[in-house]
Number of protein chains: 2
Amino acid sequence: MDELFSSALNQSVQRAVSLLKAFDTDASELGVSELARTVGLPKSTVARLLATLEHEGLVERVPHADKYRLGFLLVRLAGRVSHFGDVRAVARPVLARLSEQSQESVHLGVLDGAEVVNVDQIAGPHLIRETNWLGRRTPLHCAANGKAILAFQPEAVIARVLAAPLARVTPLTMTDPRLVRGELAEVRERGYAWTLGEVEEGLNGVAAAIRNGAGEVFAAVSVSGPAYRVPPARIPSLGELVVAAAAEISRRLGSRV
Amino acid sequence: MDELFSSALNQSVQRAVSLLKAFDTDASELGVSELARTVGLPKSTVARLLATLEHEGLVERVPHADKYRLGFLLVRLAGRVSHFGDVRAVARPVLARLSEQSQESVHLGVLDGAEVVNVDQIAGPHLIRETNWLGRRTPLHCAANGKAILAFQPEAVIARVLAAPLARVTPLTMTDPRLVRGELAEVRERGYAWTLGEVEEGLNGVAAAIRNGAGEVFAAVSVSGPAYRVPPARIPSLGELVVAAAAEISRRLGSRV
DNA sequence: GAACGCGTTCCATAGAGCGGAACATCAGCC
DNA sequence: GGCTGATGTTCCGCTCTATGGAACGCGTTC
């Protein structure tokens with residue numbers, strides 16, 4: 001067990017959280033037995049944990065069904081996740097406009113260590129259910145957001161990121177640091193980054209870097225969609241859109257470059 | 001204790017959730033001792049629960065400080081709160097535009113029983129920290145959102161809501177059903193509702209009803225702000241904005257009225 | 001240097017949490 | 001209508017998890 005203190009972590013709380021995580025699927029309503037199978041616990045244990053989570057507001061019963069779904073306390077607490085809160089608030093209207101213009105999903109990613117954290121997401125207008133990237137971390141070397149951010153980091157940062165083994169997330173992911181370096185140079189030249197099935201097969205995207213008040217690149221805004229709606233031929237025009245959106249967000253954050 | 005089963009609720013999980021709830025303040029970064037005082041538990045118990053929550057991603061350590069804050073798993077799971085998810089996704093670009101136009105906070109509320117649940121919120125551009133309404137429920141008879149929704153409910157629903165004792169949330173809250181009925185008639189006439197310090201002292205707001213594909217009113221969009229920025233004189237012009245926004249959202253949801 | 005408050009760590013103990021078993025209900029099939 | 005399988009609910013004996021008091025090191029303030 002991963003012990004942070006000499007005393008173990010709290011098993012009951014871990015189990016309860018694993019139940020919450022079990023709802024992180026497209027099937028957002030789950031029954032007791034299904035949850036028991038998913039998390040590998042007896043039904044009575046799951047039932048008791050669900051009763052507690054329901055009482056506290058983290059899950060709720062689906063009306064007229066013997067199923068549960070995530071509760072509204074999560075939305076409330078998520079509103080208090082203050083990390084990146086300011087940039088999210090500032091960016092949100094621009095993201096909304098970008099979603100309208102591009103007619104695709106739009107994301108805001110922020111540099112966090114050697115990864116990008118997706119801190120906001122506006123779904124496209126299409127009916128096909130999309131991946132929920134909120135809260136997920138993606139590596140810098142293959143996500144459009146990540147490449148847009150990495151390209152404008154100090155050389156020491158780029159070297160450190162590329163010195164580590166680069167994960168092959170899909171068969172199309174570049175893992176040769178020299179190839180990644182070459183693409184980062186092209187990103188700086190074009191002003192935007194792109195990904196073609198490198199993070200998720202069949203998913204393409206374009207991103208541009210966002211600067212803070214000191215002019216440093218710390219975030220990126222991106223547009224993404226399935227390859228049949230976002231083919232390579234569409235990258236340049238989407239590139240212009242994301243560059244304009246990123247510039248607007250940067251300006252609002254006080255950047256003068 | 002509120003026991004749903006003969007077996008009690010899980011104390012450890014309740015304690016862990018009470019810690020999460022303790023972060024639901026304007027002071028979003030808290031230390032072990034402060035949290036121990038807030039929730040009334042020994043520091044060692046709090047430390048161990050925090051370690052578990054951190055390990056699972058529900059809280060995180062603030063870099064270079066001995067404090068904790070809410071973690072990003074909350075954002076991720078909140079994105080999975082599917083109840084009202086579709087209307088949130090549809091409404092969000094319109095809310096963003098409305099926030100730009102009004103330069104105030106904007107909210108999306110949905111009818112849930114005899115209350116309104118605030119399911120989305122876009123903060124205004126001002127620096128003053130605003131109340132986090134996300135996930136909170138407000139009574140129908142005094143919130144702008146609530147009045148906008150209630151005014152267009154079937155008479156049986158209105159009668160049932162007004163038959164119950166109306167809570168006096170602030171000294172300005174109307175609690176006489178006849179006065180509320182009169183104002184609902186005026187809401188139908190004007191097309192928008194308003195609140196003047198009835199939900200929170202010094203807070204004013206305007207709201208308009210949203211219809212679903214069947215033409216039924218089930219939600220509302222509102223603008224709100226402190227009384228000195230949203231004085232009564234400004235209600236009509238903000239009314240026009242929210243009516244237009246609500247109509248746009250209704251149209252996107254398939255309403256033909 | 002002393003006092004104070006912080007976060008961390010340890011460990012003996014008690015009762016909270018566990019999970020197996022049994023039960024009632026419901027839907028589907030024959 | 002009867003049977004089967006899966007569901008969610010409830011109970012209770014048992015054990016080991018979770019608890020909290022005490023001690024400690026560290027940083028800050030006076």
Side-chain angles (χ1 to χ4, degrees), chain A residues 1-23 25 27-71 83, chain B residues 1-23 25 27-71 83:
Chain A
M1 179 182 288
D2 181 12
E3 287 184 40
L4 297 177
F5 296 155
S6 59
S7 171
L9 295 175
N10 187 304
Q11 173 184 255
S12 304
V13 173
Q14 285 186 287
R15 288 173 160 192
V17 177
S18 71
L19 282 174
L20 293 177
K21 289 175 175 175
F23 286 98
T25 71
S28 57
E29 295 177 2
L30 301 167
V32 172
S33 299
E34 190 173 2
L35 282 161
R37 285 193 294 275
T38 300
V39 301
L41 290 172
K43 290 186 297 178
S44 48
T45 303
V46 169
R48 192 175 39 251
L49 290 170
L50 282 175
T52 310
L53 292 171
E54 181 189 10
H55 178 265
E56 299 298 328
L58 286 174
V59 303
E60 59 189 33
R61 297 289 295 254
V62 178
H64 314 114
D66 282 333
K67 289 182 179 287
Y68 289 82
R69 64 191 176 200
L70 290 173
H83 205 28
Chain B
M1 179 182 288
D2 182 13
E3 285 185 40
L4 298 176
F5 297 154
S6 58
S7 172
L9 296 174
N10 186 305
Q11 173 184 257
S12 304
V13 174
Q14 286 186 285
R15 288 174 160 191
V17 178
S18 73
L19 283 174
L20 293 177
K21 289 176 176 175
F23 285 98
T25 72
S28 56
E29 296 176 3
L30 300 169
V32 172
S33 299
E34 188 172 4
L35 282 161
R37 283 193 295 276
T38 300
V39 300
L41 289 170
K43 290 185 297 177
S44 48
T45 304
V46 169
R48 195 175 34 251
L49 291 171
L50 283 175
T52 309
L53 292 172
E54 181 188 10
H55 177 265
E56 300 298 328
L58 287 174
V59 302
E60 59 189 34
R61 296 290 294 255
V62 177
H64 314 112
D66 282 332
K67 289 183 180 286
Y68 289 82
R69 64 190 173 202
L70 291 172
H83 205 30

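Numbers restart at 1 for each chain; the letters A, B, ... are given by sequence-line order, proteins then strands.
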If you round to the nearest 0.5 Å, how far is [atom2] of [Y] from [atom1] of [X]?
X        : Y        : atom1 : atom2 : answer
Leu58(A) : Leu58(B) : CG    : CG    : 8.0 Å
Glu54(B) : Leu9(A)  : CD    : CG    : 9.5 Å
Leu41(B) : Arg15(B) : CG    : CZ    : 4.5 Å
Asp66(A) : Leu30(A) : CG    : CG    : 13.0 Å
Lys67(A) : Leu35(A) : NZ    : CG    : 9.0 Å

Please report, rounded to the nearest Å, how far the [atom2] atom of [N] is from the [atom1] atom of [X].
X        : N       : atom1 : atom2 : result
Asp66(A) : dA27(C) : CG    : P     : 10 Å
Arg15(A) : dA16(C) : CZ    : P     : 17 Å
Leu53(A) : dG17(C) : CG    : C1'   : 14 Å
Glu29(A) : dT7(D)  : CD    : P     : 16 Å
Leu19(B) : dT19(D) : CG    : C1'   : 14 Å
Leu41(A) : dG8(D)  : CG    : P     : 15 Å
Leu49(A) : dT17(D) : CG    : P     : 15 Å
Leu50(A) : dT7(D)  : CG    : C1'   : 14 Å

**OP:** Check every atom of dG20(D), dG19(C), dA18(D) against the side chain of Arg48(A) and return the nucleotide holding the closest atom.
**Re:** dG19(C)

Subject >> Asn10(A) side chain near dT19(D) phosphate (N/O to OP1/OP2, under 4.0 Å) >> reply: yes

Original post:
Within less than 4.0 Å of OP1 or OP2 of dG17(C), is there a side-chain N or O belonging to Ser12(B)?
Top reply: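 Checking Ser12(B) against dG17(C): at least one side-chain N or O falls below 4.0 Å of OP1 or OP2.
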
Protein-nucleic acid N or O pairs under 3.5 Å, nucleotides 21-30 of chain D:
residue: dG21(D); atom: O6; partner: Ser44(B); partner atom: OG; Å: 3.1

**OP:** Please list, chain by chain and in numerical order, all residues satisfying side chain to side chain contact (heavy atoms under 4.5 Å, CB included) with Ser33(B), sequence neighbours excluded.
**Re:** Arg37(B), Lys43(B)

Original post:
Would Leu53(B) and Tyr68(B) satisfy side chain to side chain contact (heavy atoms under 4.5 Å, CB included), going step by step from the backbone distance to the final call?
Top reply: CA-CA 10 Å; Leu53(B) 292 172; Tyr68(B) 289 82; over 6 Å; no

Original post:
Gln11(B) or Glu34(A): which one's nearest nucleotide on DNA chain D is closer to the 5' end?
Top reply: Glu34(A)

